[in-house]
There are 2 protein chains.
Amino acid sequence: MSIQERRERERAEREQLIVSTARELAEAEGWDAVTTRRLAAEIEYSQPVLYSHFKGKGAIMTAVALQGFVELAAVLRAARTGAEGSRAGTGGRRAGAQGPQAEDAGASAGDPRASAEGRAEGPRAALTAVADAYTAFAAERPALYEAMFTRAVDLPFASPEAPAPLWAAFDELLDAVTPHAAPDEDPGILTETFWAALHGLATLGRSGRLPAAAHTTRLALLTAHFAGPPAAR
Amino acid sequence: MSIQERRERERAEREQLIVSTARELAEAEGWDAVTTRRLAAEIEYSQPVLYSHFKGKGAIMTAVALQGFVELAAVLRAARTGAEGSRAGTGGRRAGAQGPQAEDAGASAGDPRASAEGRAEGPRAALTAVADAYTAFAAERPALYEAMFTRAVDLPFASPEAPAPLWAAFDELLDAVTPHAAPDEDPGILTETFWAALHGLATLGRSGRLPAAAHTTRLALLTAHFAGPPAAR
DNA sequence: GCACGATTGCTAGCGATGCTAGAATCACGG
DNA sequence: CCGTGATTCTAGCATCGCTAGCAATCGTGC
């Protein structure tokens with residue numbers, strides 16, 4: 001048994017090596033440089049071993065993308081909790097609900113800063129922090145972001161079958177956006193809209209389709225238009 | 001001379017045939033199906049003729065994308081003028097200014113509907129109409145939109161060297177967004193932000209990353225957060 | 001009217017891609 | 001010490017974007 005376990009462990013390590021090597025190579029030279037031959041040479045194995053681990057090149061990219069969602073969720077969570085205070089999140093909405101409605105619309109009720117500033121500053125800081133972290137994530141890991149959102153399409157996204165890391169990342173956005181939703185606004189759909197806006201800023205900005213100089217200004221405008229007490233709008 | 005002109009005309013026609021065939025093929029079977037061999041067979045010529053017209057496959061896609069921007073500008077203009085009234089646009093900002101500030105911030109002053117409704121309904125209808133038209137454009141011509149915004153990167157975008165159709169399309173958005181800009185908001189940068197949000201909705205929606213059912217709701221949320229009299233925000 | 005010259009388009013092929021079949025090699029169990 | 005089974009590699013296929021060099025075609029001048 002021990003010998004079997006060792007082989008499985010080694011195999012898992014090699015699989016992880018493939019994923020991380022593909023990611024590093026893509027980040028260094030772009031996804032076009034990640035060919036099966038090049039990747040095989042990089043991990044010092046021959047091509048077919050890749051296909052003993054993954055169904056094809058697309059599956060490798062999907063694995064990289066999945067790893068990216070784990071990191072994205074962590075980055076967003078760190079940004080949100082760091083700016084928002086000590087509130088430890090609500091645990092997402094995977095268990096139970098399937099639609100995009102959140103269970104905790106009253107998050108700001110427990111925030112000590114909320115009543116002092118007219119419940120604007122805490123959630124607002126969280127929103128800008130999350131938005132900033134999101135675009136920074138995309139800018140610092142362009143190839144990873146590309147694998148997550150532009151290339152790999154074989155990941156189920158907006159469905160209960162979507163992998164947990166995807167929901168985790170979305171839930172972070174949801175927690176940051178929900179306090180800003182008006183009573184007649186569905187927090188889930190509002191989050192989707194905000195997320196799409198961030199995605200647009202990230203992708204258009206990275207491909208040079210938006211002038212890089214005004215990035216901060218655009219981010220501020222976006223959050224300003226989505227944030228603030230809903231009653232004042 | 002006449003014979004020379006005929007040849008040039010035939011050559012231009014064939015070039016247009018290449019572009020339109022590439023576009024149709026991409027729209028029908030996706031860009032992966034647009035190989036040089038397949039495209040050559042489709043136009044009933046051999047491969048090398050493609051390279052006598054374009055530098056490579058990328059240049060063909062760029063030509064398709066450029067044609068897409070012409071149509072996009074027309075679609076946006078039709079949507080804006082149709083919803084806004086008879087105002088015949090401001091002619092863009094190519095001549096003169098280079099930064100993203102508009103010359104006509106007082107467009108709504110001449111709108112007869114503006115004073116009657118507290119200058120909210122006309123510009124607001126125009127904004128929603130433009131947003132709707134934009135996402136519909138992307139949804140109805142996915143391959144074309146992909147060529148415009150995801151694939152071809154060799155088009156100069158946010159610079160004076162950008163082709164005229166790109167500026168024309170942007171100017172349509174600018175004209176629709178400018179009336180909603182607060183005094184302290186740069187209309188150009190606000191337009192960039194709004195455009196990015198539309199782009200995010202379009203791309204994420206098309207790849208199945210956003211549930212299609214709520215598309216209309218997301219669009220309404222987006223316009224609601226960007227529109228309205230700036231003073232009320 | 002006809003041969004010549006230049007332009008145009010084609011056949012054939014190069015290197016590289018993702019992926020796969022079958023040979024060869026290695027490690028383990030008896 | 002050797003056979004057996006799994007694992008890894010060598011070699012190759014079909015296809016990709018792209019190009020060199022030849023063939024045919026067309027217009028032009030005598």
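Naming convention: chains lettered A, B, ... in sequence-line order (proteins, then strands); numbering from 1 in each chain. These figures come from a predicted structure and were not determined experimentally.
- Side-chain contact between B:Tyr134 and B:Leu201: absent, with no pair of heavy atoms (C-beta onward) separated by less than 4.5 Å.
- Taking atom NZ of A:Lys57 as the reference point, atom C1' of C:dT20 lies 17 Å away to the nearest angstrom.
- Classification of the A:His225-B:Phe226 ring pair by plane angle, with boundaries at 30° and 60°, yields parallel.
- A:Arg11 is listed as a side-chain neighbour of A:Ser52, based on a closest heavy-atom distance under 4.5 Å.
- The shortest distance between the side-chain N/O atoms of A:Arg14 and the OP1/OP2 oxygens of D:dT8 is below 4.0 Å.
- The side chain of A:Thr36 contributes no N or O atom lying less than 4.0 Å from OP1 or OP2 of C:dC19.
- Following rounding to the nearest Å, A:Lys55 (NZ) and C:dT20 (P) show an atom-to-atom distance of 10 Å.
- Summarising the geometry, the separation between CG on B:Asp32 and C1' on D:dT15 is reported as 13 Å, rounded to the nearest angstrom.
- Relative to the side chain of B:Pro48, the nucleotides D:dC9, C:dG18, D:dA20 differ in distance, and D:dA20 lies closest.
- Checked by distance alone, A:Gln47 brings a side-chain donor or acceptor within 3.5 Å of a matching partner on the base of C:dC19.
- You'll find that the side chain of B:Tyr51 is closest to D:dG17, out of D:dT10, C:dG9, D:dG17.
- A side-chain donor from one of A:Thr36 and A:Gln47 sits under 3.5 Å from a side-chain acceptor of the other.
- Ring geometry for B:Phe149 against B:Tyr145 counts as tilted: the plane angle lies between 30° and 60°, on a 0 to 90° scale.
- The distance from atom CD of B:Glu10 to atom P of D:dC26 is 11 Å, rounded to the nearest whole Å.
- Residue B:Thr35 places its side chain closer to D:dG17 than to any other of C:dT11, D:dG17, C:dC19.
- Distance B:Leu50 CG to C:dT8 C1': 14 Å, rounded to the nearest Å.
- Rounded to an integer number of Å, the gap from B:Arg37 CZ to C:dG13 P is 13 Å.
- With rounding to whole Å, A:Tyr45 atom OH is found 14 Å from C:dT25 atom C1'.
- Regarding B:Arg11, its CZ atom lies at a distance of 7 Å from the P atom of C:dT8, rounded to whole Å.
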